[in-house]
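Below: one structure, written as structure tokens.
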Amino acid sequence: MIKVDFKTAKDRQKLLGFGTSACWWSHKIPSPEVAQELAELLYGESGLGLNIYRYNVGAGWDENNCRVNNPWRRVESFYIYDDDNESEHYHGGGYDWERDRTAYNFMKLCLETGRIDTVVLFANSPHYAFTASGQASGGIMHHTTNLPKSNYKRFVDYFLDITEHFIEDGIPVNYISPINEPQWKWGGKHVWQEGCHYEPEEVYEILHLFAEALEKRGLAVKLYTPESGELFGVTEQYFERITADELIMKHLGVFAVHSYHSDRDLQIRKSFYEKIISKNPQIRFDMSEWCELPCKHGTKTVESALIAARIIGWDLTELGAQTWTSWVAVNQIADFKGDGRDYSDGLLSASDSFAYYYICKRYYAFAHFAKFLPIGSTVLESITDKAGGLNLFMFKTPQNESILVAVNEGRSTEIEINANARFEQIYSTTEKKSLKLEYDGEFNPTLRLKGKSITTVKLWK
């Protein structure tokens, strides 16, 4: 029997919260009623109670030169492109702040919950008018930046103009993220969304210009970057170039990474922590984007929830992330296998018109962490039984509650808990149940975990 010992568990990092992205869906919300429901599910007290909001600064599109066919994947830009009056200072067109109004109003609605303390403005691509291809979906050639050097400053000024407007309008923007997953090819023959490739040196050059402009404008926002699309690979090169620049470091708020392409690799997280995070305690590290990729499990299956819960637990306890943010909160129903099952990658899944939408099973996996770990909670230790498919994640709240999240992908098993506790609550998710309160009473040190289940145990005196 595996023993979980809270009495001897060592403290690791403090948690600063959980979030999601409003990208690819919030501009499609059809009504105030649906908006209210979604805001409560994501940021409300009865929902996930998230505190991090990632707003996508859309790059717009030219109807005569756009290869992204899915309307959900095209986002209006506030910038008005005026080809007749464009100059190196790009002010010929100006801005229309009524654009992307549905998404903008939804963000404001979520802010009204009073729970959001972190707003990140992020861009998948510069405005299409600044790019070499005239498109926001990447360059014509693979692995080639779509932003000419001559337009670096135009991109910086445009992004900061938008940032300043948000702040003046009362949006508490903390961070700006002008680069997203720079290592991927984007562009080429097949495109499906906004994106822009940058080499490590190009990432450094653009971020340095952003740092200079932040100094000049006196903006208090910090850089949230580079939103690398995977652990290791060229991520180490990004880290080396960013941390070697004194001005960038002055304005760096978060070194953000995405934990894609390592869903079965626990060691890569441990290695990243040991090699980079543990040696740089002065830098905040966030896991700012993940979804099952590709989605091999239907959204209503417990398997989709199990993998999500395992990744969240690994990223917090082994990678050392201080926050964890899912990719999209909502995605389109995606029956790409033609078997009648939905393979959406969102926390919620919706029809194109939002006439029908529902909560995915992985939403509840996220809730097993987000609803029980308030800001300031401490990550303790984890226990992995690879052969048995069992992962146990230990935390402590600011109220000195002990929290255990058990992700059991194997058969039913028993564990023993050693903790200073008198009372206990147990919540579980299985194929048939979703975050159900199973027990509320006196502490029992022996716990039976059902097969293919997620269990959150809350212990207190």
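The basis for the numbers below is simple: all heavy atoms, side chains too, and nothing from hydrogens, waters or symmetry mates.
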Side-chain donor-acceptor pair under 3.5 Å between [X] and [Y], yes or no?
X: Thr20; Y: Ser326; result: yes
X: Lys361; Y: Ser304; result: no
X: Thr456; Y: His368; result: yes
X: Glu381; Y: Thr317; result: no
X: Gln425; Y: Asp440; result: yes

Report task. Would you confirm whether the ring centroid of Trp192 sits within less than 6.0 angstrom of the ring centroid of His190? Result ->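 Here the rings of Trp192 and His190 have centres that are less than 6.0 Å from each other.
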
Strictly distance-based, threshold 3.5 Å: is any side-chain N or O of [X] a donor or acceptor partner for the main-chain N or O of [Y]?
X: Arg269; Y: Ser262; result: yes
X: Glu424; Y: Asn444; result: yes
X: Tyr439; Y: Glu442; result: yes
X: Asp335; Y: Asp339; result: yes
X: Ser453; Y: Thr429; result: no
X: Gln13; Y: Ala321; result: yes
X: Lys279; Y: Tyr273; result: no
X: Lys458; Y: Leu404; result: no
X: Gln183; Y: Gly229; result: yes
X: Trp186; Y: His142; result: no

Point-to-point distance, once rounded to the nearest 0.5 Å, from [atom1] of [X] to [atom2] of [Y]:
X: Lys10; Y: Met394; atom1: NZ; atom2: CE; result: 12.5 Å
X: Ile333; Y: Ser344; atom1: CD1; atom2: OG; result: 8.0 Å
X: Asn51; Y: Asp117; atom1: CG; atom2: CG; result: 4.5 Å
X: Ser288; Y: Ile52; atom1: OG; atom2: CD1; result: 9.5 Å
X: Ser26; Y: Leu109; atom1: OG; atom2: CG; result: 11.5 Å
X: Lys3; Y: Ile383; atom1: NZ; atom2: CD1; result: 11.5 Å

For the [atom1] atom on [X], are there more than 12 heavy atoms of other groups (residues, nucleotides or ligands in this structure) within a distance under 6.0 Å?
X: Arg448; atom1: CZ; value: yes
X: Arg101; atom1: CZ; value: yes
X: Lys452; atom1: NZ; value: no
X: Lys296; atom1: NZ; value: no

Query raised in the report: Name the one of Trp25, Tyr43, Phe354, Tyr55 that satisfies ring pair (Phe, Tyr, Trp, His ring centres under 6.0 Å) with Phe106?
Result: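 So the option named by the test is Trp25.
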
Query raised in the report: Considering the options Phe366, Tyr427, Phe393, Phe395, which one meets the ring pair (Phe, Tyr, Trp, His ring centres under 6.0 Å) requirement together with Phe372?
Result: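 Answer after filtering Phe366, Tyr427, Phe393, Phe395: Tyr427.
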
Requested in this report: Go through the steps to decide whether Trp184 and His261 satisfy the test ring-ring contact (aromatic ring centres under 6.0 Å, His included), and finish with yes or no.
Outcome: CA-CA 12 Å; Trp184 304 140; His261 310 300; 5.3 Å; yes

Heavy-atom side-chain proximity of [X] to [Y] below 4.5 angstrom:
X: Tyr204; Y: Tyr198; value: no
X: Glu76; Y: His27; value: no
X: Phe255; Y: Tyr224; value: no
X: Leu111; Y: Ile171; value: yes
X: Phe159; Y: Leu121; value: yes
X: Leu207; Y: Pro178; value: yes
X: Ile276; Y: Phe285; value: yes
X: Pro226; Y: Ile242; value: yes

Query raised in the report: Does the ring-ring contact (aromatic ring centres under 6.0 Å, His included) test come out yes or no for Phe369 and Phe18, once each step is laid out?
Result: CA-CA 9 Å; Phe369 294 87; Phe18 300 90; 7.1 Å; no

Distance under 6.0 Å and angle within 45° of the ring axis: does [X] meet both against [Y]?
X: Lys300; Y: Tyr358; result: yes
X: Arg54; Y: Phe122; result: yes
X: Arg310; Y: Trp314; result: yes

Query raised in the report: Where do Pro374 and Thr397 come nearest, in terms of heavy atoms and distance?
Result: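 Taking Pro374 first and Thr397 second, the nearest heavy atoms are CD-CG2, 4.0 Å.
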
**Report entry** Closest non-hydrogen atom pair, Ala123 against Asn56
**Finding:**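 Closest pair (atom of Ala123, atom of Asn56, distance): CA-OD1, 4.4 Å.
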
Query - Steps toward side chain to side chain contact (heavy atoms under 4.5 Å, CB included) verdict (Leu15, Thr378) - result: CA-CA 6 Å; Leu15 294 181; Thr378 303; over 6 Å; no

Query raised in the report: Is it true that Lys433 and Glu438 make a salt bridge, defined as a side-chain N closer than 4.0 Å to a carboxylate O?
Result: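 Counted as a salt bridge, because a side-chain N and a carboxylate O are separated by less than 4.0 Å.
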
Query raised in the report: Quick one: do Asp345 and Arg362 make a salt bridge, cutoff under 4.0 Å?
Result: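 Judged by the 4.0 Å cut-off on N to carboxylate O distance, Asp345 and Arg362 do not form a salt bridge.
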
Query raised in the report: side chain to side chain donor-acceptor pair (under 3.5 Å) with Tyr260: which of Glu289, Glu181, Glu230?
Result: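 Testing Tyr260 for a side chain to side chain donor-acceptor pair (under 3.5 Å) against Glu289, Glu181, Glu230 leaves exactly one candidate, Glu289.
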
**Report entry** Those residues that, when tested against Phe443, pass ring-ring contact (aromatic ring centres under 6.0 Å, His included) (two or more places apart)
**Finding:**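 If we apply the ring-ring contact (aromatic ring centres under 6.0 Å, His included) test to Phe443, skipping adjacent residues, there are no hits.
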
Requested in this report: Start with the C-alpha distance between Lys275 and Glu236, add both sets of side-chain angles, then the distance that settles salt bridge (charged side-chain N to carboxylate O under 4.0 Å, His left out), and finish with yes or no.
Outcome: CA-CA 10 Å; Lys275 189 171 184 180; Glu236 289 184 89; 2.8 Å; yes

Query raised in the report: So Asp352 and Lys28, salt bridge (charged side-chain N to carboxylate O under 4.0 Å, His left out) or not? Walk me through it.
Result: CA-CA 8 Å; Asp352 284 2; Lys28 291 296 179 181; over 6 Å; no

Requested in this report: Test Glu409 against Arg264 for salt bridge (charged side-chain N to carboxylate O under 4.0 Å, His left out), laying out the working first.
Outcome: CA-CA 13 Å; Glu409 297 177 75; Arg264 288 289 174 183; 3.8 Å; yes

Query raised in the report: Can you list the steps and then say if Ile248 with Arg241 is a side chain to side chain contact (heavy atoms under 4.5 Å, CB included)?
Result: CA-CA 10 Å; Ile248 293 177; Arg241 292 300 284 120; over 6 Å; no

Requested in this report: Apply side chain to side chain donor-acceptor pair (under 3.5 Å) to Glu227 and Ser177, showing your working.
Outcome: CA-CA 8 Å; Glu227 303 243 31; Ser177 172; 2.7 Å; yes

